[in-house]
Amino acid sequence: MDDFSDFEAHIVRHDDFEADVPDVKETKNKLPCKIDDLDLQKPPGFVGVVADWIDSQCRYPRRRLAVASAIVAVGNIGGLKYEDDRDGVTANLIAFCVAASSTGKEAVMQAFADLHVHAGIQGAVHGAMKSEQEIMRNVIDQQASFYNIDEIGIFLTKVRNAQKNGGSAAYLEGIFGSIMSIYSKANSRVLLGGDMTREMRKIYAGQFARAEEHGDEAAAEKAGKMLAMVDAGLERPFMSLMGYTTPSTFDNVMDGETATQGLVGRALIVNEPDINPRPRIGFKKPELPMMLGMRLWSLTGREQDDTGPVEYRGERESIKTDKKACKMLDDILHWLMDHADDANEETGEASVAMVRRAFEMVAKISFIMAIPDGKRT
C-alpha cells in the first residue's frame with residue numbers, strides 16, 4: 001500500500017508542450033486519441049491518491065467504486081472555487097455505483113463521506129431525497145448540496161412509479177426535474193417558483209426585521225442577501241449526486257425514457273462485476289494522512305475556522321488547458337457527433353441523447369482531474 005504521507009510525489013505535473021495529432025476522421029471507426037496505455041482504475045495525480053485512500057478503507061476490494069467516488073469527491077471539494085477556462089463545465093457530477101449486495105459498498109460510501117468531513121464541508125452532505133421541495137430548500141440554505149445515497153436504485157424506482165401512477169407518492173413526481181434543473185445551473189442561476197418565492201421572502205423578511213430590531217448587523221446583512229437571492233434566483237447552486245445500488249434494482253430503471261429524461265444520460269455509471277470479492281487478510285483501515293486532509297481543505301477555498309454554510313462567493317480560479325489537450329477534446333467532440341449519427345440510424349433518440357451528453361462527461365472528469373494541478377493536460 002502506498003505511503004500517503006508524501007502524496008505530493010504522486011501528483012503528475014506536465015510542462016506546456018505542442019504536438020501534432022493525426023486527423024481522427026481518416027476512418028470512421030478510428031478512436032480520437034490513443035488509449036492503449038490508459039488504466040481507468042489508476043487515475044493519475046491527486047485524484048489517484050484519493051482513490052487509493054478510499055480503496056484502503058475497504059476490506060473487500062472495490063477499486064472501480066473507489067475511483068468513481070474519488071472523482072466525485074474531488075469535484076465536490078474543489079468545484080466551488082475553480083472554473084473551467086475552456087468549455088465552462090462545472091465539477092458537479094451524477095454517479096451511480098453498482099455492486100452486488102454484501103460486497104463492500106458501505107465502506108466506499110463511508111470513505112466518500114469522510115473525505116467531505118476532512119475538507120470541512122460535511123454540512124452540505126445529505127443522505128436522502130424526500131421531495132423536490134426539500135431539494136430546493138437545501139440549495140437555498142447553502143450553495144452546495146452533495147447527495148450520498150445508499151440503495152439509489154430503490155429510490156429511482158419509487159420516483160419512476162410516482163411519475164407513472166401518481167397516488168400517495170405524487171410528491172416524488174417532480175424530483176427528476178428538480179435535480180436536473182439545479183444540477184445544470186451550477187454556472188448560472190436557478191429561479192424559484194412563485195409559491196417558494198413567496199414563502200422564502202416571508203421567512204427572510206422576518207429575519208431581516210428581527211435583526212434590525214436587535215441591532216444585529218451581521219444577521220441583517222445575511223437576511224438581506226438571501227432576500228435579494230430569492231428574487232433574482234439562486235446563484236451558482238452546486239448539486240452532485242452519488243448513489244450506490246445493486247444490479248437487480250438498478251437495471252429496473254434502465255430504459256429509453258430514463259435516458260432521454262437526462263438524469264441517467266448525464267450519469268457516470270460504474271459497475272463492479274465481481275459478486276464475491278475475496279477479503280484482504282489482516283485488513284485494518286488507515287487514518288487519513290494529515291497532509292492529505294489539509295490539501296483537501298485547501299481546495300475548498302474556505303478558511304480553517306469557517307463553520308458557516310458551504311459556499312464560495314469569491315473570485316474563482318481558472319483551470320487552463322494546454323494545446324494538446326485542447327486538440328484532443330476537439331477530436332473527441334467530433335468523434336462523438338459522428339457516433340451520434342450512427343446511433344440515430346440504429347436506435348433513435350435515446351441513444352443519440354446519451355452519446356451527445358458523453359462529451360460533457362469527458363470535459364467534467366478531465367476538469368476535475370486538473371483542479372489540484374491547475375492545468376488540464
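Just so it is clear, the model here is predicted, and its values are computed rather than measured. No hydrogens, no waters, no symmetry mates; every other heavy atom, side chains included, goes into these values.
Contact check for Arg236 versus Arg316: side-chain heavy atoms found under the 4.5 Å cut-off. Residues Thr249 and Phe155 form no side-chain contact, since every pair of their non-hydrogen atoms from C-beta on lies 4.5 Å or further apart. Between Thr300 and Leu80 the shortest side-chain heavy-atom distance does not fall below 4.5 Å. Met291 has its side chain out of reach of Arg295: every pair of non-hydrogen atoms, C-beta onward, lies at least 4.5 Å apart. Counting heavy atoms from C-beta outward, Val67 and Pro43 have side chains that approach closer than 4.5 Å. Contact of the Met328 side chain with the Val362 side chain is not registered, since no non-hydrogen atoms from C-beta on lie closer than 4.5 Å. Under the 4.5 Å side-chain criterion, counting only non-hydrogen atoms from C-beta, Thr103 is in contact with Arg62. For the pair Leu268/Lys364, no side-chain contact is recorded, criterion being any heavy-atom separation below 4.5 Å from C-beta on.
Side-chain atoms of Gln142 come within 3.5 Å of backbone N or O of Gly123 as a donor-acceptor pair. The closest donor-acceptor contact from the side chain of Gln143 to the backbone of Tyr312 lies under 3.5 Å.
Residues Phe238 and Ala91 come closest through the heavy atom pair CZ-C, 3.7 Å. The minimum heavy-atom distance linking Asn76 with Ile121 is given by the pair O-CD1, 4.3 Å. Nearest heavy atoms, Arg302 versus Gly308: NH2-O, 3.3 Å. Of all heavy-atom pairs spanning Asp141 and Pro309, the tightest one is O-CB, 4.1 Å. Closest approach of Asp114 and Trp53 over heavy atoms only: CB-CH2, 4.1 Å.
Looking at residues two or more places apart in sequence or on another chain, you find a salt bridge (Lys or Arg N to Asp or Glu O under 4.0 Å) between Arg137 and Glu199. Take Asp85 and apply the salt bridge (Lys or Arg N to Asp or Glu O under 4.0 Å) test, not counting sequence neighbours, and it matches Lys320.
Ring pair His116/Phe146 is tilted by interplanar angle, where 30° to 60° counts as tilted. Using the six-membered ring where Trp is involved, Tyr147 and His126 have ring planes that are tilted, between 30° and 60° apart. Note on ring orientation: taking the six-membered ring where Trp is involved, the planes of Phe96 and Phe250 are tilted (angle from 30° to 60°).
Considering CD1 of Ile175 and NZ of Lys130, their distance stands at 11.5 Å, rounded to 0.5 Å. With rounding to the nearest 0.5 angstrom, the CE atom of Met136 is 9.0 Å from the CD atom of Gln133. Put simply, CZ on Arg64 and CD on Glu272 are 5.5 Å apart, with the number rounded to the nearest 0.5 Å. Here Leu115 contributes atom CG and Leu292 contributes atom CG; the two are 7.5 Å apart, rounded to the nearest 0.5 Å. With values rounded to the nearest 0.5 angstrom, Asp331 atom CG is found 10.0 Å from Lys30 atom NZ. To the nearest 0.5 Å, atom CD of residue Glu106 and atom OG of residue Ser101 are 12.5 Å apart.
Side-chain atoms of Thr377 and Lys324 form no donor-acceptor pair, as typed in the model, at a separation below 3.5 Å. Using a 3.5 Å distance cut-off with no hydrogens or angles, the side chains of Glu134 and Asn138 do not pair a donor with an acceptor.
Leu191 and Leu234 are members of different hydrophobic clusters when ILVMFWY side chains are connected at heavy-atom separations under 4.5 Å.
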